[in-house]
**Student:** 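Before I ask anything, let me first share the structure, which is written out below as structure tokens.
Naming convention: chains lettered A, B, ... in sequence-line order (proteins, then strands); numbering from 1 in each chain.
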Amino acid sequence: MTQSFSNSLINWYKNNKRDLPWRNTTDPYKIWLSEIILQQTRVNQGLPYYNKFVSQYPKVLDLAKAPEDEVMRLWQGLGYYSRARNLHECAKSVVKDYNSEFPKAYNELLKLKGVGKYTAAAIASFAFEQAVPVVDGNVFRVLARYFDVSDDISQPKTFTKFFNIAKELIPDDYAASFNQAMMELGATICTPKKPDCENCPLSQECEARIHHKQSELPVKMKKIKIKNRYLYYLIWQHEEKLAMKKEVQKISGRAYLILI
DNA sequence: GACACGTGGGT
DNA sequence: TACCCAAGTGT
């Protein structure tokens, strides 16, 4: 049962995977770079940034040596800017504390800034072929639908449940392919809206498809609420030129970027 | 454990 | 239009 799941999935992946640059390497630096960029970010949006970073900083040492302003500028437009700051800090830490080599152990990877459970598992499996399952939004969706698991995925404790299900399914000798395949299926077939069940290699046994519950799974209770905030800036303008100065001030314990 | 963090695409 | 997300993590 678990074997047919993995076999079908991995076989489908071999024949249908997209050709993406970070899939043609086992360099942990490039794997890490791609994973940070792809956090909460679509492939099409992150791809040009990945290429820029690899080109500008071929090795972790290059990134570690770069000025933070330069790294931030390269990241400009991608969003979630704390990722860029953590990226730089992580690179410096790998150089200083790990002799410029990424650690292999999952628990050691977890100590790196910006590397959480998902990214640590991704590096451990893609770069080092360890059988640690990745659990991201795609994996939640595929497993919730296939096994009809209706736990609320917005609750942190649910992560462990899905991690354990995936751990049962992941083959020791095809860990990287399995993890990649789970995410690829979620990204291209088992999508949030209108999943393409006709072309899904797992559709025959999928509980959600059998019971027509695709739109009800996975269950996510937490809703995103957007609050408006209004900030005021003073900008000096003389003819066509703007006068701006970057300063960082602490206001009630929080760092603000003040443009003067 | 709840919440903030960003931009861009889909319905 | 107004949501709903998308290869999560830090606080």
Side-chain angles (χ1 to χ4, degrees), chain A residues 13 17-18 20-23 25 30-50 53 72 74-90 93 106 109-127 132-144 151-160 162-163 166 175-196 214-229 231 252-257:
Chain A
Y13 176 68
K17 66 177 178 180
R18 293 166 290 178
L20 301 169
W22 47 84
R23 288 179 173 168
T25 181
K30 290 179 181 169
I31 302 290
W32 163 75
L33 193 54
S34 71
E35 293 304 336
I36 302 298
I37 287 172
L38 291 171
Q39 285 168 10
Q40 298 284 281
T41 304
R42 286 188 175 81
V43 165
N44 287 340
Q45 192 188 0
L47 186 53
Y49 287 85
Y50 173 82
F53 271 84
M72 297 306 291
L74 261 192
W75 195 273
Q76 198 168 65
L78 236 200
Y80 282 139
Y81 295 94
S82 64
R83 285 185 297 169
R85 250 179 273 279
N86 290 336
L87 181 87
H88 194 219
E89 186 176 333
C90 180
S93 161
Y106 176 74
L109 288 162
L110 273 179
K111 296 178 183 172
L112 300 172
K113 209 59 179 291
V115 176
K117 287 176 293 191
Y118 163 77
T119 304
I123 299 171
S125 63
F126 302 156
V132 188
V134 293
V135 179
D136 70 339
N138 292 309
V139 175
F140 274 128
R141 195 163 54 250
V142 170
L143 294 178
D151 297 49
D152 177 9
I153 66 165
S154 64
Q155 301 224 310
K157 63 178 179 183
T158 305
F159 177 92
T160 304
F162 281 82
F163 183 93
S177 292
F178 175 85
N179 278 340
Q180 287 282 186
M182 288 288 283
M183 292 193 287
E184 188 76 344
L185 190 75
T188 64
I189 301 284
C190 196
T191 49
K193 313 280 184 189
K194 300 186 188 306
D196 185 12
Q214 295 97 319
S215 64
E216 299 165 35
L217 294 167
V219 173
K220 180 151 51 175
M221 297 299 287
K222 187 167 58 183
K223 302 298 179 191
I224 302 167
K225 43 181 177 261
I226 307 293
K227 287 187 216 166
N228 288 330
R229 272 191 298 182
L231 305 174
S252 61
R254 198 180 174 89
Y256 283 86
L257 180 66

**Student:** Cut-off 3.5 Å, side chains only: do A:Y118 and A:E35 have a donor facing an acceptor?
**Tutor:** yes
**Student:** Considering only atom P, compute the distance from B:dG10 to C:dA7 and round it to an integer number of Å.
**Tutor:** 14 Å
**Student:** Going by the rule side chain to side chain donor-acceptor pair (under 3.5 Å), which residues pair with A:Y13 if we only count those two or more places apart in sequence or in a different chain?
**Tutor:** A:R23
**Student:** Among residues at least two apart in sequence or on other chains, which ones pass ring pair (Phe, Tyr, Trp, His ring centres under 6.0 Å) with A:F162?
**Tutor:** A:F140
**Student:** Please give the distance between the P atoms of C:dC4 and B:dC3 as a whole number of Å.
**Tutor:** 15 Å
**Student:** Could you tell me which residues satisfy side chain to side chain donor-acceptor pair (under 3.5 Å) with A:K111, sequence neighbours excluded, listed by chain and number?
**Tutor:** A:E108
**Student:** If the condition is side chain to side chain contact (heavy atoms under 4.5 Å, CB included), which residues does A:A121 pass it with, not counting sequence neighbours?
**Tutor:** A:Y106, A:V132, A:V134
**Student:** Provide, to the nearest angstrom, the distance between the CZ atom belonging to A:R85 and the P atom belonging to B:dC5.
**Tutor:** 13 Å
**Student:** For A:R83 and A:G114, indicate whether the former's side chain and the latter's backbone hold a donor-acceptor pair under 3.5 Å.
**Tutor:** no
**Student:** Just to verify, what does A:Y50 make a ring pair (Phe, Tyr, Trp, His ring centres under 6.0 Å) with, not counting sequence neighbours?
**Tutor:** A:W22
**Student:** A:K194 or A:G79: which one's nearest nucleotide on DNA chain B is closer to the 5' end?
**Tutor:** A:G79
**Student:** For A:R85, check salt bridge (charged side-chain N to carboxylate O under 4.0 Å, His left out) against everything at least two apart and list the hits.
**Tutor:** A:E68
**Student:** Counting only non-hydrogen atoms, which of residues 151-158 of chain A are less than 4.0 Å from DNA chain C?
**Tutor:** none
**Student:** Is A:L78 touching bases, backbone alone, or none of the nucleic acid, heavy atoms closer than 4.0 Å?
**Tutor:** base
**Student:** Can you name the residues that form a side chain to side chain donor-acceptor pair (under 3.5 Å) with A:S93, not counting sequence neighbours?
**Tutor:** A:D97
**Student:** My understanding is that only residues two or more places apart in sequence, or in another chain, count here; which of them pass side chain to side chain donor-acceptor pair (under 3.5 Å) with A:S34?
**Tutor:** none
**Student:** Identify each atom pair where a protein N or O and an N or O of nucleotides 8-10 of chain B are less than 3.5 Å apart, giving names and distance.
**Tutor:**
{"residue": "B:dG8", "atom": "N2", "partner": "A:R42", "partner atom": "NH1", "Å": "2.8"}

**Student:** Work out how far the P atom of C:dT11 is from that of B:dG6, and round it to whole angstrom.
**Tutor:** 14 Å
**Student:** Could you pull out all residues at least two apart from A:K17 that satisfy salt bridge (charged side-chain N to carboxylate O under 4.0 Å, His left out)?
**Tutor:** none
**Student:** Within the sub-3.5 Å range, which N or O atoms of nucleotides 7-11 of chain C have a protein N or O partner, and how far apart are they?
**Tutor:**
{"residue": "C:dA7", "atom": "OP1", "partner": "A:N138", "partner atom": "OD1", "Å": "2.0"}
{"residue": "C:dA7", "atom": "OP1", "partner": "A:N138", "partner atom": "ND2", "Å": "2.5"}
{"residue": "C:dA7", "atom": "OP2", "partner": "A:N138", "partner atom": "OD1", "Å": "3.3"}
{"residue": "C:dA7", "atom": "O5'", "partner": "A:N138", "partner atom": "ND2", "Å": "3.0"}
{"residue": "C:dA7", "atom": "O4'", "partner": "A:D136", "partner atom": "OD2", "Å": "2.7"}
{"residue": "C:dA7", "atom": "N6", "partner": "A:W22", "partner atom": "NE1", "Å": "3.2"}
{"residue": "C:dG8", "atom": "OP1", "partner": "A:G137", "partner atom": "N", "Å": "3.3"}
{"residue": "C:dG8", "atom": "OP2", "partner": "A:Q40", "partner atom": "N", "Å": "2.8"}
{"residue": "C:dG8", "atom": "OP2", "partner": "A:Q40", "partner atom": "NE2", "Å": "2.6"}
{"residue": "C:dG8", "atom": "O5'", "partner": "A:Q40", "partner atom": "N", "Å": "3.4"}
{"residue": "C:dG8", "atom": "O5'", "partner": "A:Q40", "partner atom": "NE2", "Å": "3.4"}
{"residue": "C:dT9", "atom": "OP1", "partner": "A:G116", "partner atom": "N", "Å": "2.8"}
{"residue": "C:dT9", "atom": "OP1", "partner": "A:G116", "partner atom": "O", "Å": "3.4"}
{"residue": "C:dT9", "atom": "OP1", "partner": "A:T119", "partner atom": "N", "Å": "3.0"}
{"residue": "C:dT9", "atom": "OP1", "partner": "A:T119", "partner atom": "OG1", "Å": "2.8"}
{"residue": "C:dT9", "atom": "OP2", "partner": "A:K117", "partner atom": "N", "Å": "3.4"}
{"residue": "C:dT9", "atom": "OP2", "partner": "A:Y118", "partner atom": "N", "Å": "3.2"}
{"residue": "C:dG10", "atom": "OP1", "partner": "A:G114", "partner atom": "N", "Å": "2.4"}

